[in-house]
Participant: 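Got a structure for you, questions after.
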Amino acid sequence: MEEAQVVESKDGTISVASAFAGHHQAVQDRDHKFLTKAVEEAYKGVDCGDGGPFGAVVVCNDEIVVSCHNMVLKKTDPTAHAEVTAIREACIKLGRLELSDCEIYASCEPCPMCFGAVHLSRIKRLVYGAKAEAAIAIGFDDFIADALRGTGHYQKANMEIKKAEGNGALIAEQVFENTREKFHMY
């Protein structure tokens with residue numbers, strides 16, 4: 001087996017070159033193939049008027065399970081983002097809640113809602129193309145992340161964010177204690 005070589009770049013970062021360079025290239029080629037499909041979905045969604053320029057592909061064992069795009073306008077559903085739609089459809093197609101043997105390819109960095117859906121589905125790998133700033137630059141904003149970062153009042157939507165107190169909070173918390181023996185996720 002070939003010995004690993006330490007390589008230092010001009011900016012001072014250090015990387016390791018190994019005998020697995022061929023493997024790295026194969027993974028990069030595979031990622032490119034599935035990410036290209038997600039980008040095609042993004043164009044498709046805009047071209048047919050279904051929603052914004054976002055696409056997502058769920059892959060299992062090197063096969064595309066589903067390929068979806070943003071459906072917010074078509075479904076009149078603000079949660080019908082490409083990643084959420086793809087996860088919903090993959091779960092239905094595979095007949096299960098968790099996708100731990102799957103990967104998701106997204107044309108753009110997921111918003112907090114989509115990232116949450118990826119996490120909850122237990123997808124093992126997320127690959128995205130564009131940074132969120134590319135979407136922000138054309139008018140999509142990361143308002144959820146801004147709201148969660150700490151302001152108690154989200155100015156843009158004129159929405160107050162507050163945790164309930166007193167009995168409302170207590171009965172909402174009790175539902176978890178009262179149902180834990182009846183409901184198991186995984």
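Residues take their numbers from the sequence shown, with the count starting at 1.
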Participant: With A42, which residues qualify under side chain to side chain contact (heavy atoms under 4.5 Å, CB included), at least two apart?
Facilitator: S107
Participant: Is there side-chain contact between P53 and I138, with heavy atoms separated by less than 4.5 Å?
Facilitator: yes
Participant: If you group Ile, Leu, Val, Met, Phe, Trp and Tyr by side-chain heavy-atom gaps below 4.5 Å, do M113 and I104 land in one group?
Facilitator: no
Participant: For the pair E89 and C68, evaluate side-chain contact (heavy atoms from CB on, under 4.5 Å) and give the outcome as yes or no after the intermediate values.
Facilitator: CA-CA 9 Å; E89 289 188 17; C68 300; 3.4 Å; yes
Participant: What do the steps show when you test H81 against C111 for side-chain contact (heavy atoms from CB on, under 4.5 Å), and what is the final call?
Facilitator: CA-CA 9 Å; H81 291 197; C111 73; 3.5 Å; yes
Participant: Closest approach of V84 and C114, non-hydrogen atoms and distance?
Facilitator: CG2-SG, 3.9 Å
Participant: Who clusters with L170? Use side-chain heavy atoms, under 4.5 angstrom, across I, L, V, M, F, W and Y, and order the result by chain and number.
Facilitator: none
Participant: Is any side-chain heavy atom of H32 closer than 4.5 Å to a side-chain heavy atom of V27?
Facilitator: no
Participant: Looking only at heavy atoms, what is the nearest atom pair of A106 and L35, with distance?
Facilitator: O-CD1, 3.2 Å
Participant: Heavy-atom distance under 4.5 Å between the side chains of I87 and I123, does that happen here?
Facilitator: yes
Participant: Scan residues 104-115 for pairs that pass salt bridge (charged side-chain N to carboxylate O under 4.0 Å, His left out), counting only residues two or more places apart or in two chains.
Facilitator: E109-K131
Participant: For S100, give me all partners under side-chain hydrogen bond (donor to acceptor under 3.5 Å, both in side chains), at least two apart in sequence or on another chain.
Facilitator: E98
Participant: Work out which heavy atom in E41 is nearest to a heavy atom in A56; give both atom names and the distance.
Facilitator: CB-N, 4.5 Å
Participant: Taking the side chain as every heavy atom from C-beta outward, state whether Y128 and P110 have any atom pair closer than 4.5 Å.
Facilitator: yes
Participant: Begin from the C-alpha positions of V118 and L99 and carry the test side-chain contact (heavy atoms from CB on, under 4.5 Å) through to its verdict.
Facilitator: CA-CA 9 Å; V118 169; L99 304 171; over 6 Å; no
Participant: Which atoms form the tightest heavy-atom contact between G51 and N70, and what is the distance?
Facilitator: CA-OD1, 3.3 Å
Participant: Do NZ/NE/NH1/NH2 and the carboxylate oxygens of R122 and D101 come within less than 4.0 Å?
Facilitator: no
Participant: H69 versus C48: any side-chain heavy-atom pair under 4.5 Å?
Facilitator: yes
Participant: Quick one, E103 and L126 - any side-chain contact, counting heavy atoms below 4.5 Å?
Facilitator: no
Participant: Taking G45's backbone N and O only, do any of them form a donor-acceptor pair with D50's side chain (distance below 3.5 Å, no angle check)?
Facilitator: no
Participant: Please enumerate all residues that pass ring pair (Phe, Tyr, Trp, His ring centres under 6.0 Å) together with F34, with sequence neighbours excluded.
Facilitator: Y105
Participant: For a 4.5 angstrom cut-off between non-hydrogen side-chain atoms, does L94 reach V65?
Facilitator: yes
Participant: Not counting sequence neighbours, list each pair that qualifies as a salt bridge (charged side-chain N to carboxylate O under 4.0 Å, His left out) and has a residue in residues 53-80.
Facilitator: R30-D62, D77-R88
Participant: Crowded around N61 CG? As in, over 12 foreign heavy atoms under 6.0 Å?
Facilitator: no
Participant: Quick check: closest heavy atoms across C108 and E83, and the distance to 0.1 Å?
Facilitator: O-OE2, 3.7 Å
Participant: Under 4.5 Å between side-chain heavy atoms, hopping through other hydrophobics if needed: is there a path connecting V57 to V127?
Facilitator: yes
